[in-house]
Amino acid sequence: MDKLQGLRGMVDLLPEQVLLWQWIENKARQHFHRASIQEIRTPIIEPTELFSRGIGEATDVVGKEMYTFCDRGERNCTLRPEGTASIVRATIEHNLLSKGPQRLWYSGPMFRYERPQAGRQRQFHQLGLEYLGFKDPRSDAETITVAWDLLIDLGLKNLNLEINSLGNLNDRIVYRNHLVKWLEERKDYLDQTSQARLYTNPLRILDSKDPKTQEILKETPVLIDLICPESRERLERVKAELSNAGVPFTVNPKLVRGLDYYCHTAFEITSHQLGAQSTICGGGRYDGLIEELGGKPTPAIGWALGMERLMLLLSNSQPNCELSQKDIFIVSRGEKAESLAMAISRKLRKANFIVENDLSGSAFAKQLKRADRSNAHWIILIGDDEATKGEVIIKTNKREGEAQTDKQNIKIDNLLNRLKILSNTNH
RNA sequence: GCGGGCGUCGCCAAGUGGUUAAGGCAGCGGCUUGUGGCGCCGCUAUUCGGGGGUUCGAAUCCCCUCGCUCGCCCCA
């Protein structure tokens, strides 16, 4: 019989890792809550068209990375490769903007069919933020600041924030022509992929990691010099607000993002400790997307951060999320005692104690060994003798250096009170 | 989709052509049929990701395949 395995690029989160995830999720929830940002949850399957129209037909994500299939009703479906399109769809579908601008956050699995590597999986998780109906440059600054503060609060160090302005649609068309013309004159010096990209997606050439291409790009005209006055003003204001907030950043004129919908402000937070996939959080403004998807023209900005990449950084610095502490470990042997242990464990749980009941039926010595390792504060021990007398033995778990511990017999009726007293004096 | 590295027990591993595949941790059982971190003893891979081939003989060599991993591409 062959061993069954999970699908390539799909990763299980084991109990130990889940603790860290929960810790992060709680932090994030606090930050969002305090910034008046509300959670939204949308399905992970959407009509394929939502993404092909929203993200852009020519992008890699849509072109070759989507999990697309037909359901039994012949609908063309896709597992979401990112969150923004879904949020926009839901916002339009339920007319949320009629109540005014929306500050929303989401988290959940995304799917992209790529070759897995460090910081990249086929199912991965994003935590994201969308400000819909916000036009003022302060909204750009606020979203970025929320991301920054969260990451700092999580204990991350050595982060780099880069921002850029992509201008408006017209700016990009003008710039694109400009850039293509300029690069055509130097075509022979470009690397293969960049040459191929010259007419399909020339802006992405700016991102090339090829050293020779990078050398040429040093001289290249940059979009930021050609953007419209409105966009320039916005960038200046965003910079000013970030400075006011004490958030360090650099302007990177070559920062372009892979999804078509971005305009004006674009930004990325990266860490060199991540390997090749160094972006931990990325986003930007998408003023045209809502209209593109059938809503009224509405400005918006948002970002997403990769949970797995965050975990990668956090597992180096091991934050202070402790293993769940246990209050009580119950050891029992014999049918009468075992039944009593069942009843007691339930009673104690109702009183909010964290209790593990040993169900192995193995010898006392074995069960006690397990109790020892369980990190429980107290051990309750029940044999048939005790069960018959209507009592249990309670001991404190051994600590380092202690040779012996007190044990005392207690009537079952007094157990709960006794434990309450003990837990008040003990910790 | 394209490159490089790797794949021996639940985990960490030794072994690089020759009779029964080290060791450690964890697990289980015992010493102690009912009282704990230690110790001692025992058990736990007919099999080296899978399939085929070379050979008298393969975990060790060759081919294919699957998986993991790192990088390219791209993105969070």
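Being a predicted model, the structure only gives us computed values, none of them experimental. Order of the sequence lines fixes the chain letters, A, B, ..., with proteins taken first and strands second; residue numbering starts at 1 for each chain.
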Between B:rU69 (P) and A:Met10 (CE): distance, integer Å: 13 Å
Roughly, in whole Å, what's the span from CG in A:Leu7 to P in B:rC66? 14 Å
Spacing between A:Gln195 atom CD and B:rC73 atom C1', to the nearest angstrom: 17 Å
Give me the distance, rounded to whole Å, that separates B:rG15 from B:rG23 when you measure between the P atoms they each carry. 15 Å
Taking B:rU35 as the reference, what is the distance to B:rC48 when you measure between their P atoms (whole Å, please)? 45 Å
Would you check if there is a donor-acceptor pair between the side chains of A:Tyr261 and A:Glu292 at a distance under 3.5 Å? no
Specify the closest pair of heavy atoms between A:Gln117 and A:Ala276, including all atoms of both residues, with the distance to one decimal. NE2-CB, 3.6 Å
Backbone N or O of A:Ala141 within a donor-acceptor pair of the A:Thr145 side chain at under 3.5 Å? yes
Just say parallel, tilted or perpendicular for the rings of A:Phe32 and A:Trp303, cut-offs at 30° and 60°. tilted
Is the phosphate of B:rC66, meaning OP1 or OP2, less than 4.0 Å from a side-chain N or O of A:Arg8? no
Any pair with a residue in residues 149-161 of chain A that passes salt bridge (charged side-chain N to carboxylate O under 4.0 Å, His left out), sequence neighbours left out, goes on the list, sorted by first then second residue, please. A:Lys27-A:Asp153
Nearest to the side chain of A:Asp60 - B:rC73, B:rG29, B:rC72? B:rC73
Nucleotide paired to B:rU32 in any strand shown, Watson-Crick or G-U, under 3.5 Å: none
State whether the distance check finds a donor on one side and an acceptor on the other, under 3.5 Å, for side chain A:Gln277 versus base B:rC70. no
How far does the P atom of B:rA45 sit from the matching atom of B:rG5, given to the nearest Å? 34 Å
N/O to N/O distances under 3.5 Å, protein versus nucleotides 33-35 of chain B:
| residue | atom | partner | partner atom | Å |
| --- | --- | --- | --- | --- |
| B:rG34 | O6 | A:Asp385 | N | 3.1 |
| B:rG34 | O6 | A:Asp385 | OD1 | 3.1 |
| B:rG34 | O6 | A:Asp385 | OD2 | 3.1 |
| B:rG34 | N1 | A:Glu386 | OE1 | 3.2 |
| B:rG34 | N2 | A:Glu386 | OE1 | 3.2 |
| B:rG34 | N2 | A:Glu386 | OE2 | 3.2 |
| B:rU35 | O2 | A:Lys395 | NZ | 2.8 |

To the nearest angstrom, the CZ-C1' distance between A:Arg122 and B:rG1 comes to 11 Å
Give one of base, sugar-phosphate or nothing for A:Leu310, where a contact means two heavy atoms less than 4.0 Å apart. nothing
Would you mind pulling out the nucleotide paired to B:rG67, Watson-Crick or G-U wobble, both distances under 3.5 Å? B:rC6
In Watson-Crick or G-U wobble terms, with both distances under 3.5 Å, the base opposite B:rG27 is B:rC43
Sequence neighbours excluded - side chain to side chain donor-acceptor pair (under 3.5 Å) pairs with any residue from residues 178-188 of chain A: A:Glu184-A:Tyr199
Side-chain donor-acceptor pair present, A:Glu215, A:Tyr189, cut-off under 3.5 Å: no
Considering only atom P, compute the distance from B:rU19 to B:rC40 and round it to an integer number of Å. 32 Å
Does a side-chain N-to-carboxylate-O contact under 4.0 Å join A:Arg285 and A:Asp287? yes
At under 4.0 Å between heavy atoms, what does A:Gly119 touch on the DNA or RNA strands: base, sugar-phosphate, or nothing? base
Could you check how far CG of A:Leu203 sits from C1' of B:rC73, rounded to whole Å? 17 Å
So if I take every side-chain heavy atom of A:Leu259 and compare against B:rA76, B:rC72, B:rG1, which nucleotide ends up nearest? B:rA76
note: A:Asp358, atom CG; B:rG27, atom P; distance rounded to Å ~ 13 Å
Can you tell me how far P in B:rC64 sits from the matching atom in B:rC2, rounded to whole Å? 14 Å
To the nearest Å, how far apart are A:Gln117 CD and B:rC70 C1'? 7 Å
Rounded C1' spacing from B:rA21 to B:rA14 in Å: 10 Å
Grab the CD-C1' distance between A:Glu162 and B:rA76 for me, whole Å please. 15 Å
What nucleotide among B:rA76, B:rC73, B:rG1 has an atom nearest to a side-chain atom of A:Arg257? B:rA76
Distance between the P atoms of B:rU33 and B:rU46, in whole angstroms? 34 Å
Options B:rU69, B:rG29, B:rC70, nucleotide nearest the side-chain atoms of A:Lys366: B:rG29
With rounding to whole Å, what would you report as the distance between B:rC41 and B:rG34 at their C1' atoms? 22 Å
If you look at every heavy atom in A:Tyr106 and A:Leu129, which pair is closest and at what distance? CE2-N, 4.0 Å
When only distance counts, do a donor and an acceptor, one from the side chain of A:Arg120 and one from the base of B:rC70, lie under 3.5 Å apart? no
If you only use heavy atoms from C-beta on, which nucleotide in B:rU69, B:rC28, B:rA76 is closest to the side chain of A:Glu114? B:rA76
Would you mind pulling out the nucleotide paired to B:rG1, Watson-Crick or G-U wobble, both distances under 3.5 Å? B:rC72
What contact category does A:Ala371 fall into here, base, sugar-phosphate, or nothing, at under 4.0 angstrom with non-hydrogen atoms? nothing
Minimum-distance pair of heavy atoms, taken over all atoms of A:Ile92 and A:Ile290: CD1-O, 3.6 Å
